[in-house]
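Only this structure's heavy atoms are used, side chains among them; waters, hydrogens and symmetry mates stay out. Order of the sequence lines fixes the chain letters, A, B, ..., with proteins taken first and strands second; residue numbering starts at 1 for each chain.
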Amino acid sequence: MARYNAKESEQRWQAAWNARQAFLTPTDSTKPKAYVLEMFPYPSGRIHMGHVRNYTMGDVIARFRRAQGFNVLHPMGWDAFGLPAENAARDGGVDPRAWTYANIDAMRTELKALGLAIDWTREFATCDPDYYKHQQKLFLEFYNGDLVYRHEADVNWDPVDLTVLANEQVIDGRGWRSGALVERRKLSQWFFRITRYSEELLRALDGLDRWPDKVRLMQKNWIGRSEGLRFSFQLSNGEALDVFSTRPDTLFGASFVALSPDHPLTEELAGADPKLVDFIAQCRRTGTAEAAIETAEKLGYDTGLTAAHPFDPGWKLPVLVANFVLMGYGTGAIFGCPAHDQRDLDFARKYKLPVLPVVVPEGADPKEFALADAAYVGPGRLANSRFLDGMDVESAKTEVAARLEARGIAKRTVNYRLRDWLASRQRAWGCPIPMIHCATCGAVPVPESDLPIKLPDDLDFSVKGSPLDAHPTFKHANCPACGGNALRDTDTLDTFVDSAWYFARFADPFTADPVNREAVNYWLPVDQYIGGIEHAILHLLYARFFTRGMHATGWTRIDEPFASLFTQGMVCHETYSVADDSATGSHYVEPVDVEKRGDGTFLKGTDVAVTVGPSEKMSKSKKNVVAPMGMIDSYGADAIRWFMLSDSPPERDTDWSETGAEGCWRFVQRIHRLVVEAEGLPLPGAAIGEVSGAALALRQAAHRAIAAVTEDLGNLRFNRAVAQIYTLANAIQAHPAADGAVRREALETVVKLIGPMMPHLAESCWEALGHTVLLVDTPWPSFIEALTKADSVTIAVQVNGKRRDEIIAAVNAPEAQLREAALATDGVRRALDGKAPKKVIVVPNRIVNIVA
RNA sequence: GCCCCUGUGGCGGAACGGUAGACGCGGCAGACUCAAAAUCUGUUGCCCUCACGGGCGUGCUGGUUCAAGUCCGGCCAGGGGCACCA
C-alpha cells in the first residue's frame with residue numbers, strides 16, 4: 001500500500017484551494033461574520049516555531065468557523081517598521097527597505113507552505129506608503145481632536161554615538177555599541193493623550209469577558225487607578241509644595257518630604273547649589289527604564305529646606321531630593337512615612353531618619369509594636385497620631401482629608417499610573433511624523449494633500465544620530481501656514497502606532513480612506529485575536545486607545561477592537577553546549593549538530609559529549625532554534641501543525657521535540673491507512689439502520705467525538721480536541737467488524753474533525769472516501785445527542801476519603817440504592833472491619849463517601 | 001524593586017471541590033519478518049507483596065471540608081511585562 005506523500009498532497013491541495021479561491025472574503029454577506037486574526041509578524045527573515053504555533057491556532061479557528069457556516073475574514077500582513085532593519089542597515093550596509101521586503105517575500109513563501117486559509121489579496125506591510133499615509137492622516141486628525149500634543153520627555157542618550165537608545169540597547173546602564181554610560185536627556189516630543197481615556201479604558205475591561213482574566217488584571221494594574229489626597233506643605237522658603245498620597249492616614253508617621261530630581265523646585269534649588277546639580281546628574285545616570293530606576297540604590301540629597309507638618313506648624317520635616325520619586329506620577333513629590341511604605345523605610349534606614357509606627361495590627365500594643373526590615377502595610381488601628389488614635393485606616397484617611405480640605409489646602413483626587421503615550425522616535429525606519437516646525441508659526445500640520453510624507457530612498461546609515469535628520473533634503477520644507485522656510489519633524493512614530501489600527505485596515509485594505517466605514521462596521525470587532533502574552537499590556541492597550549480615537553474622529557462606531565483574546569505560550573527547546581577553552585568554559589551548539597545515541601548526547605558524528613541544558617524560549621543567543629521549514633520538509637506541514645496543537649495547552653509554553661514530530665507523522669500515516677484500507681464501505685450518504693453491540697459502540701464514539709471536538713475547538717482547547725480524535729481513531733481500530741455504513745460514518749467523522757487541523761491530509765482522505773466536493777466546502781458535522789449518552793456509570797466508593805472500591809450503577813440511580821450498594825462492597829467491609837459507619841455522603845453519578 | 005502567570009509519572013500533559021495520571025511521547029514484553037524498518041497487541045506513577053491486598057504520591061508548609069491538584073494563608077523555584085525589542 002502506498003504511504004501518504006505529504007509533500008505531493010500539500011502542494012496539490014494548496015493549488016486546488018487557490019484555483020477555487022476558497023479563502024477570498026466577500027465583505028457583504030448574509031452569513032454571520034467571524035473575524036479571526038493573529039498578531040501580524042515582524043518580518044525578521046524566517047518564520048520561527050512561535051509563528052507556526054500562532055498561525056496554526058488561528059488557522060484552525062478560521063477553518064472551523066468557515067465549516068460552521070460563518071463568513072470568515074482571516075488576513076495576513078507585516079509589522080514592517082522597526083529597529084532590526086535599521087541595525088541591518090548600519091551593520092551590513094543594506095537598504096532597510098530592500099532588506100524588509102526581501103524578508104517579507106521569504107516569510108510569505110514559508111507561511112504559504114503551512115497551508116493557511118488566508119485571504120492573501122488583503123496583505124499589506126506597515127512600511128508601504130499606501131499604509132502609512134493613512135496613519136499620517138489619522139495622526140493629524142488626532143492632533144486636531146486634541147489627542148496629540150507636544151511635550152518634553154526623557155530619552156536614553158548615548159554621549160559617544162550621539163544617538164538615542166532603545167531600552168533594549170542599554171545594557172547595565174551602558175550603550176550597547178559604544179559602551180558609554182547612558183544619560184537621560186530631555187527632548188521635545190509628540191504624545192498621544194491616552195490618559196483622557198484612563199477611566200474609560202479601565203471600566204471597559206469589565207465588558208471584555210472573553211479576555212483572559214490575567215490580561216485584564218495586568219491592564220487594570222497598569223492603568224493603576226488610586227484614590228488619594230493631594231495637599232500642600234508650607235516650606236521654610238515660603239513656598240507651598242503639593243504632594244499626593246494614598247495614605248494620608250499615616251501623616252503623623254511622616255519623617256521627611258521628598259522631591260523628584262526632575263521636580264521644578266529641584267531645578268530651581270539647583271540654580272544656587274552646584275552639589276545638587278551633581279546629584280541630579282548622578283540620578284540621571286540611570287536609563288529611562290522603570291526596572292532600572294526601581295532597582296537602583298536609593299539616593300537622597302538634603303536640600304536644607306524644611307516643611308511644616310500640616311497639623312503641627314512647629315514640627316519641621318527635612319526636604320530631600322530622592323531618586324525613587326518619579327516626576328511622572330502624582331505631583332512628583334511625596335511625604336515619606338517609613339513605617340508603612342517599604343521604599344520609604346529603606347530610604348529612612350539609609351539616611352538615619354525616624355521610623356514611627358502609626359498603624360498597628362488589631363490587638364497589638366502600640367508601645368511594643370516595632371518594625372524590623374519590613375514596613376507594615378496591613379490593616380489596623382491608628383496610634384501615636386493624636387486625634388486619629390484608635391481609628392481604623394479608612395476612617396483616618398477620611399478624617400485627615402476632611403480637616404485639610406476644610407482649611408483649603410487639600411483635595412481628594414483620583415490618580416492614575418498610566419502616562420500619556422510618547423510616540424516620537426528618533427529612528428529612520430518608521431512612519432514619518434507629518435508636522436513642520438516653523439520659527440514663527442510653531443508646529444504646523446502638513447496639509448492632507450501633501451500626504452504621504454515618504455521616507456527618502458537614500459538614507460545614509462553611517463552617520464551618527466538619526467539618518468533621517470542627517471538627510472540633505474528631507475527636513476527642509478516651507479511652512480504650510482506662512483510659507484517661510486521651516487523644518488520637518490525628523491522623528492518617526494513608535495511602531496506600536498502601526499499595530500494600533502492595522503486590524504481595521506484589513507476590513508478593506510483597498511479603500512482610499514484610512515478605513516472603509518461600512519466594512520469596518522461590518523467586520524469589527526475582531527472575533528478572535530490570538531498572540532503572545534508578551535503583548536498583554538502595551539500593544540493591546542494602545543489598540544484599545546486608538547480604536548477610541550478613531551471613534552472620536554468618526555472612523556468607527558466601536559470602542560473595543562478585540563471581542564475575544566487568546567494569549568499563547570512560547571515555544572521552547574533544550575539547550576546544548578560543549579566544553580571549550582573559553583572563559584565561560586562552554587559554548588552553545590545547535591540542535592541540528594547534536595545526536596542522541598544510546599549512551600548519551602554527542603556532537604553529530606563524533607564522540608564529543610554534549611551537555612543538555614534546560615528547555616528555554618527559542619533564541620539565537622542560546623542557539624536552541626529549530627527552523628520550521630526543515631521540519632516541514634521532513635514530516636509535512638500537517639504533522640507539524642498537529643504537533644503544535646497536541647499535548648500542551650495553547651496558553652502554556654511548549655517544548656519542541658523531534659520525537660514528538662515523528663509521532664505526529666506516524667499518526668498522519670495511521671489516519672491515511674485507516675481510510676484507504678477500509679473495505680466494504682457503502683457509497684457516501686448510505687443510511688444507518690438500528691445498530692447494537694460493536695457497531696453501536698463505534699457510533700457512540702463518533703458522536704461523542706463530534707460533541708467534544710466541537711466544544712474544545714470553540715474554546716481553543718486544541719490539545720483536548722487532539723486527544724478526542726486519538727480516542728476516536730483508537731475506537732475505529734478496536735471495532736473492525738462494525739457495519740459498513742457505521743464504519744463510513746466513523747471514518748468521515750474523523751476526517752471532518754481533523755479538517756481544520758490537518759487540512760491537506762483531510763482533503764486527501766475525503767477524496768479517497770469517494771467525495772467530489774472539497775472538504776473545505778463541506779459543513780462541520782453535527783451529532784445525535786442520544787448517542788453521546790452512557791446508560792451506566794462507575795461510581796467510586798470511599799471510606800474516610802480513601803478509595804476502597806467501586807460500583808457500577810444506572811445513570812441517575814437513587815441515593816438510597818447507591819448507599820446500599822456501596823456498603824455491600826468487599827472493599828468497604830474490609831475497611832470498616834465491623835465498625836458502623838457514622839455518616840454516608842452520596843453524590844449521585846459521582847461518588848459515595850463513608851465516614852467511619 | 002513592582003505587576004502577572006506557572007509548578008502533577010521518565011517526558012508533554014488530563015482531571016464541574018468528588019476514582020489523580022485521559023490522550024500522546026518514551027520504555028518493557030509479545031505477534032508479524034530470514035532479519036530489520038514499518039505495523040499490530042499487551043503493559044507501564046513509586047514502594048511492600050508470589051498473590052490477595054496495602055502504603056505513599058500533584059513544588060514546600062499550615063488551614064477549611066465528609067472529600068483538596070483544585071479553595072484560603074505563608075514560603076520556594078521558574079517564566080512574562082515594566083512604557084524606545086516587537
Chemist: Between protein and nucleotides 5-19 of chain B, map the contacts as a letter string: B base, S sugar-phosphate only, - none, heavy atoms under 4.0 Å, written 5' to 3'.
Modeler: S-S----BSSSB-BB
Chemist: When both hydrogen-bonding distances must be under 3.5 Å and the geometry is Watson-Crick or G-U wobble, what is B:C50 paired with, if anything?
Modeler: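 Paired with no nucleotide.
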Chemist: Between A:Asp91 and A:Arg177, does any side-chain N to carboxylate O distance fall below 4.0 Å?
Modeler: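 Answer for the salt bridge query: yes.
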Chemist: With both distances under 3.5 Å as the test, what is the Watson-Crick or G-U wobble partner of B:A77?
Modeler: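 Base-paired to B:U6.
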Chemist: Under 4.0 Å: is that the gap between some side-chain N or O of A:Arg427 and OP1 or OP2 of B:C85?
Modeler: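 No, no such contact exists.
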Chemist: If only atom types and distance count, is the side chain of A:Asn845 paired as donor or acceptor with the main-chain N or O of A:Asn812 below 3.5 Å?
Modeler: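 Confirmed, A:Asn845 side chain pairs with A:Asn812 backbone.
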Chemist: Of all the nucleotides listed (B:G80, B:A83, B:C84), which has the minimum atom distance to the side chain of A:Ile533?
Modeler: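 Looking only at side-chain atoms, A:Ile533 lies closest to B:G80.
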Chemist: Once you round it to whole Å, what is the distance between C1' of B:C82 and NE2 of A:His539?
Modeler: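 My rounded result for the distance is 18 Å.
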Chemist: Which of these nucleotides, B:A38, B:C84, B:G80, is closest to any side-chain atom of A:Arg3?
Modeler: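 The nucleotide sitting nearest to the side chain is B:A38.
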Chemist: Taking the side chain of A:Glu534 as its heavy atoms from C-beta onward, which of B:C23, B:G1, B:G81 lies nearest to it?
Modeler: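 Closest nucleotide to the A:Glu534 side chain: B:G81.
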Chemist: For A:Val164, report the nucleic acid contact type (base, sugar-phosphate, nothing); a contact means any heavy atom under 4.0 Å.
Modeler: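 Base, at least one base atom sits under 4.0 Å.
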Chemist: Just to confirm, is there a sub-4.0 Å distance from OP1 or OP2 of B:A83 to any side-chain nitrogen or oxygen of A:Arg419?
Modeler: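 Checking A:Arg419 against B:A83: no side-chain N or O falls below 4.0 Å of OP1 or OP2.
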Chemist: What distance, rounded to whole Å, do you find between the two P atoms, one in B:G17 and one in B:G62?
Modeler: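 Looking at atom P only, B:G17 and B:G62 are 25 Å apart.
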Chemist: B:A14 pairs with which nucleotide, Watson-Crick or G-U wobble, both distances below 3.5 Å?
Modeler: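 Across any shown strand, B:A14 pairs with none.
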Chemist: Determine the interatomic distance between P on B:A31 and the same-named atom on B:A36; round to the nearest Å.
Modeler: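 Looking at atom P only, B:A31 and B:A36 are 11 Å apart.
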Chemist: Please give, in whole Å, the distance from B:U39 C1' to A:Phe667 CZ?
Modeler: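 In whole Å, B:U39 C1' and A:Phe667 CZ are 15 Å from each other.
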Chemist: Keeping the roles fixed (side chain from A:Thr654, backbone from A:Pro650), state whether a donor-acceptor pair exists under 3.5 Å.
Modeler: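 No, A:Thr654 side chain to A:Pro650 backbone: no donor-acceptor pair under 3.5 Å.
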Chemist: Do the charged groups of A:Arg804 and A:Asp826 touch, with an N to O distance under 4.0 Å?
Modeler: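 A:Asp826 and A:Arg804: not salt-bridged.
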Chemist: Quick check against the 3.5 Å criterion: does A:Asp154 have a side-chain atom that pairs as donor or acceptor with the backbone of A:Arg184?
Modeler: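 No, A:Asp154 side chain to A:Arg184 backbone: no donor-acceptor pair under 3.5 Å.
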Chemist: Could you give the CG-to-P distance, from A:Asn221 to B:A83, as a whole number of Å?
Modeler: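 In whole Å, B:A83 P lies 16 Å from A:Asn221 CG.
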Chemist: Looking at B:C82, which nucleotide sits across from it as a Watson-Crick or G-U wobble partner, both distances under 3.5 angstrom, or is there none?
Modeler: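 Matched B:C82 with B:G1 under the 3.5 Å cut-off.
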Chemist: Relative to the 5' end of RNA chain B, which residue comes earlier, A:Gly663 or A:Ala734, by the nucleotide with the nearest heavy atom?
Modeler: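 Checking each residue's closest nucleotide, the 5'-ward one belongs to A:Gly663.
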Chemist: Quickly work out the A:Trp429 CH2 to B:C85 P distance and round it to whole Å.
Modeler: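 Atom-to-atom, A:Trp429 to B:C85, this comes out as 19 Å.
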Chemist: Do the side chain of A:Asn54 and the main chain of A:Gly50 share a donor and acceptor less than 3.5 angstrom apart?
Modeler: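 Not confirmed, A:Asn54 side chain does not pair with A:Gly50 backbone.
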Chemist: Record whether the side chain of A:Gln169 comes under 3.5 Å of the base of B:C84 through a donor-acceptor pair of N or O atoms.
Modeler: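 Counting by modelled atom types and ignoring angles, no donor-acceptor contact under 3.5 Å is found here.
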Chemist: Could you tell me the Watson-Crick or G-U partner of B:U39, where both distances fall under 3.5 Å? Say none if there is no partner.
Modeler: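 In the structure as shown, B:U39 has B:A31 as its Watson-Crick or wobble partner.
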Chemist: Any side-chain N or O of A:Gln426 below 4.0 angstrom from OP1/OP2 of B:C84?
Modeler: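 Checking A:Gln426 against B:C84: no side-chain N or O falls below 4.0 Å of OP1 or OP2.
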Chemist: So which nucleotide from B:C4, B:C23, B:C85 ends up closest to the side chain of A:Ala166?
Modeler: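 Nearest to the side chain of A:Ala166 among the choices is B:C85.
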Chemist: Under a 3.5 Å limit for both distances, which nucleotide forms a Watson-Crick or G-U wobble pair with B:G62, could you say?
Modeler: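 Base-paired to B:C72.
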Chemist: Rounding to an integer number of angstrom, what distance separates B:G26 and B:G74 when you compare their P atoms?
Modeler: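 Between the two P atoms, the distance is 43 Å.
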Chemist: Could you tell me whether a side-chain N or O of A:Arg90 sits under 3.5 Å from a main-chain N or O of A:Ala85, the two making a donor and an acceptor?
Modeler: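 Side chain of A:Arg90 to backbone of A:Ala85, a donor-acceptor pair under 3.5 Å: no, none is there.
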Chemist: Using a 4.0 Å heavy-atom cut-off, does A:Trp421 contact any base of the nucleic acid, only the sugar-phosphate backbone, or nothing at all?
Modeler: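 Since no nucleic acid heavy atom lies under 4.0 Å of A:Trp421, the category is nothing.
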Chemist: May I ask you to say what A:Ala291 touches in the nucleic acid, namely base, sugar-phosphate or nothing, with a heavy-atom cut-off under 4.0 Å?
Modeler: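 Base contact - A:Ala291 has a heavy atom under 4.0 Å of at least one base atom.
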Chemist: With both distances kept under 3.5 Å, what pairs with B:G26, Watson-Crick or G-U wobble?
Modeler: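 Base partner found: B:U44.
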Chemist: Would you indicate which nucleotide in B:C3, B:G53, B:C84 comes nearest to any side-chain atom of A:Arg830?
Modeler: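 The answer is B:G53.
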Chemist: Measuring from the side chain of A:Lys802 (C-beta onward, heavy atoms only), which nucleotide among B:C56, B:G53, B:G1 has the closest atom?
Modeler: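 Nearest listed nucleotide: B:C56.
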Chemist: Let me know the distance between CD of A:Glu662 and P of B:G27, rounded to the nearest Å.
Modeler: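 From A:Glu662 CD to B:G27 P: 11 Å.
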Chemist: Any N or O donor-acceptor pair linking the side chain of A:Gln189 to the base of B:C84 at under 3.5 Å?
Modeler: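 Such a pair exists between side chain and base.
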Chemist: In terms of the nearest nucleotide of RNA chain B, which residue is placed more toward the 5' end: A:Gly801 or A:Leu165?
Modeler: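 In this pair, the answer is A:Gly801.
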Chemist: Regarding A:Glu38 and A:Arg53, does a basic nitrogen lie under 4.0 Å from an acidic carboxylate oxygen?
Modeler: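 No, A:Glu38 and A:Arg53 are not salt-bridged.
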Chemist: For B:G57, does the O4'-C1'-N9-C4 or O4'-C1'-N1-C2 angle fall within 90° of 0, making it syn, or is it anti?
Modeler: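 B:G57: anti.
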Chemist: Consider the side chain of A:Phe496, meaning its heavy atoms from C-beta on, and name the nucleotide among B:A86, B:C25, B:C85 that approaches it most closely.
Modeler: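 Between B:A86, B:C25, B:C85, the one nearest the side chain of A:Phe496 would be B:A86.
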Chemist: Please give the distance between the P atoms of B:A22 and B:A86 as a whole number of Å.
Modeler: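 It comes out at 45 Å once rounded to the nearest Å.
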Chemist: Is the centre of the A:Phe324 ring less than 6.0 Å from the centre of the A:Phe347 ring?
Modeler: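 That pair passes the under 6.0 Å test.
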Chemist: Answer with yes or no whether the side chains of A:Ser178 and A:Asp161 bring together a donor and an acceptor at under 3.5 Å.
Modeler: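 No, A:Ser178 and A:Asp161 have no side-chain donor paired with an acceptor closer than 3.5 Å.
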Chemist: Take atom C1' in B:U49 and the same atom in B:C56, then report the distance between them in whole Å.
Modeler: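 That atom pair is separated by 15 Å.
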